[in-house]
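Worksheet: one structure, shown below.
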Number of protein chains: 2
Amino acid sequence: MITVIITFMQKLTAQRQAILDLINASNRHWDADEVARALVDTGASIGIATVYRGLSALESQGLIDSIQLADKKRYERADKAHHDHMVCTGCGHIEEFSHDTIEALQEAAAEKKGFKLTGHQLVMFGFCRKCRQELDT
Amino acid sequence: MITVIITFMQKLTAQRQAILDLINASNRHWDADEVARALVDTGASIGIATVYRGLSALESQGLIDSIQLADKKRYERADKAHHDHMVCTGCGHIEEFSHDTIEALQEAAAEKKGFKLTGHQLVMFGFCRKCRQELDT
DNA sequence: AAATGTAATGATAACCGTTATCATTATCGT
DNA sequence: ACGATAATGATAACGGTTATCATTACATTT
Ligand SMILES: [Mn+2]
Ligand SMILES: [Mn+2]
Ligand SMILES: [Zn+2]
Ligand SMILES: [Zn+2]
């Protein structure tokens with residue numbers, strides 16, 4: 001019998017509330033540094049370590065979501081349905097999409113290999129509509 | 001009129017040939033450190049910086065492939081058809097799979113958003129057959 | 001064969017996102 | 001109010017990767 005002790009946030013502190021509010025008020029995908037700068041710009045006082053810890057804590061509560069890109073993690077609101085991402089390598093724009101059939105086929109593919117899925121991440125790279133035009137000119 | 005000068009490898013040096021041979025002789029997904037250690041173990045003399053540069057050069061020639069995982073990049077043989085990956089969070093085992101319908105639907109999803117795709121990466125996380133059993137016991 | 005130009009090598013410093021450390025501060029239950 | 005516990009913030013440390021730079025290996029030209 002193994003007892004696993006999980007420590008949850010004792011409280012949504014002022015700092016964590018500020019992080020959560022910031023992310024919930026936008027549709028962006030924030031990295032830790034952007035969050036820290038945005039909060040400091042509004043006059044809040046928050047250390048970068050607190051931002052990292054706050055983001056982790058909020059995510060483990062399911063209050064925010066994240067995607068792991070090549071270089072860094074980016075966080076976004078959790079009150080949207082599951083979706084995946086297209087990243088424009090030209091301008092960094094992130095487009096969201098969801099496709100039920102793709103999701104179902106992933107599950108089937110996992111089943112065939114004996115995998116018990118816990119998550120997935122599909123990232124597509126390319127050029128957004130705007131950057132495509134600039135390439136043609 | 002913009003001229004882009006691309007410098008290719010002048011030559012497949014002994015070090016890069018050794019990296020390529022090592023990777024081609026296995027079905028593993030190697031990180032840079034594993035490659036370096038494996039080569040040093042066979043008596044070869046190669047610096048870690050050379051391994052990183054060699055892996056990059058070989059990949060840009062299309063001689064090897066890579067996947068970007070959360071913490072590090074992993075390299076594999078390029079003489080297999082395109083495929084995606086399932087990573088076992090229990091033991092690190094990487095299973096490969098390919099699904100033509102998923103690929104086609106991705107292209108369609110990109111088209112709908114105006115994206116010109118250049119690549120994608122689908123990573124599924126979960127527990128492999130072996131680790132599933134150990135969880136149940 | 002010798003000289004020249006260019007690319008690769010290897011040791012190591014630097015970089016960058018992230019996590020660990022630790023003294024201090026805030027918060028919760030009693 | 002008290003004591004226990006968790007969060008904060010400055011900063012050090014970490015891990016993977018890239019940059020620097022003096023040296024070495026090639027290939028091409030004389
Ligand atoms: Mn999103
Ligand atoms: Mn593979
Ligand atoms: Zn773009
Ligand atoms: Zn496993």
Side-chain angles (χ1 to χ4, degrees), chain A residues 5-23 28-61 63-76 87 92 121 123, chain B residues 5-22 28-61 63-64 66-76 87 92 121 123:
Chain A
I5 299 176
I6 302 175
T7 304
F8 289 106
M9 277 191 291
Q10 186 171 51
K11 173 164 189 273
L12 212 51
T13 62
Q15 289 90 337
R16 290 178 181 182
Q17 187 68 60
I19 296 172
L20 183 57
D21 289 346
L22 176 71
I23 291 176
R28 294 182 43 187
H29 300 80
W30 302 79
D31 67 34
D33 212 55
E34 288 169 346
V35 170
R37 258 202 306 276
L39 291 180
V40 169
D41 283 354
T42 68
S45 165
I46 188 168
I48 185 65
T50 302
V51 171
Y52 275 104
R53 280 181 302 228
L55 289 169
S56 293
L58 290 167
E59 181 178 25
S60 68
Q61 309 298 303
L63 296 173
I64 57 177
D65 283 340
S66 78
I67 53 176
Q68 173 71 54
L69 297 188
D71 51 339
K72 60 179 66 158
K73 216 169 177 183
R74 290 188 167 272
Y75 294 86
E76 66 177 317
V87 180
Q121 187 177 273
V123 180
Chain B
I5 300 175
I6 302 175
T7 303
F8 289 104
M9 277 191 292
Q10 187 171 53
K11 172 164 189 274
L12 212 50
T13 62
Q15 289 89 339
R16 290 178 181 183
Q17 187 68 60
I19 295 173
L20 183 57
D21 289 345
L22 176 72
R28 294 180 45 185
H29 300 80
W30 301 80
D31 67 34
D33 212 55
E34 289 169 346
V35 169
R37 257 201 307 275
L39 292 180
V40 169
D41 283 355
T42 68
S45 165
I46 188 169
I48 184 65
T50 301
V51 171
Y52 274 104
R53 280 182 301 229
L55 289 169
S56 294
L58 290 168
E59 180 176 25
S60 67
Q61 309 296 304
L63 297 174
I64 57 176
S66 78
I67 54 177
Q68 173 71 54
L69 297 188
D71 51 339
K72 61 178 67 158
K73 217 169 175 183
R74 290 188 166 272
Y75 294 87
E76 66 177 318
V87 180
Q121 187 177 273
V123 180

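For Q15(B) and dG10(C), the shortest distance from a side-chain N or O to OP1 or OP2 is below 4.0 Å. Within the 4.0 Å cut-off from OP1 or OP2 of dT8(D), at least one side-chain nitrogen or oxygen of R16(A) is found. Phosphate contact (OP1/OP2 of dG10(C), side-chain N/O of T50(B), threshold under 4.0 Å): present. The side chain of Y52(A) contributes no N or O atom lying less than 4.0 Å from OP1 or OP2 of dT19(C). Between T13(B) and dT9(C) there is a side-chain polar atom (N or O) within less than 4.0 angstrom of OP1 or OP2.
Rounded to whole angstrom, the span from the CZ atom of R37(B) across to the P atom of dG15(D) amounts to 13 Å. The interatomic distance linking E59(B) (CD) with dT18(D) (C1') rounds to 15 Å, in whole Å. When the P atom of dG15(D) is taken as reference, atom CD of E34(B) falls 15 Å away, rounded to whole Å. Atom CD1 in I48(B) sits about 15 Å away from atom P in dA19(D), given to the nearest Å. Following rounding to the nearest Å, D33(A) (CG) and dT19(C) (P) show an atom-to-atom distance of 14 Å. Between Q17(B) atom CD and dA25(D) atom P the separation is 19 Å, expressed in whole Å. In this structure, L39(A) atom CG and dG9(D) atom P are separated by 11 Å, rounded to whole Å. Here dA10(D) presents its P atom at 11 Å from CZ of R53(A), a figure rounded to the nearest Å.
Distance check, rounded to the nearest 0.5 Å: CD of Q15(A) to OG of S45(A) gives 7.5 Å.
Between R37(B) and D41(B) there is no salt bridge, since no side-chain nitrogen of the basic residue lies less than 4.0 Å from a carboxylate oxygen of the acidic one. A salt bridge links K73(B) to E59(B): at least one charged side-chain nitrogen sits closer than 4.0 Å to a carboxylate oxygen.
Here the nucleotide nearest the side chain of A32(B), chosen from dT17(D), dA19(D), dA20(C), is dT17(D). Set against dG9(D), dT17(D), dT12(C), the side chain of K73(B) has dT17(D) as its closest nucleotide. Here the side chain of K72(A) is nearest to one of dG17(C), dG10(C), dG9(D), namely dG17(C).
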Could you check I23(A) against L58(A) for side chain to side chain contact (heavy atoms under 4.5 Å, CB included), going step by step and ending with a plain yes or no? CA-CA 11 Å; I23(A) 291 176; L58(A) 290 167; 5.8 Å; no

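The residue from E34(B), R28(B), Q68(B) that alone fulfils the side chain to side chain contact (heavy atoms under 4.5 Å, CB included) condition with R74(B) is E34(B).
At the heavy-atom level, D71(A) lies under 4.0 Å from the strands shown only through sugar-phosphate atoms.
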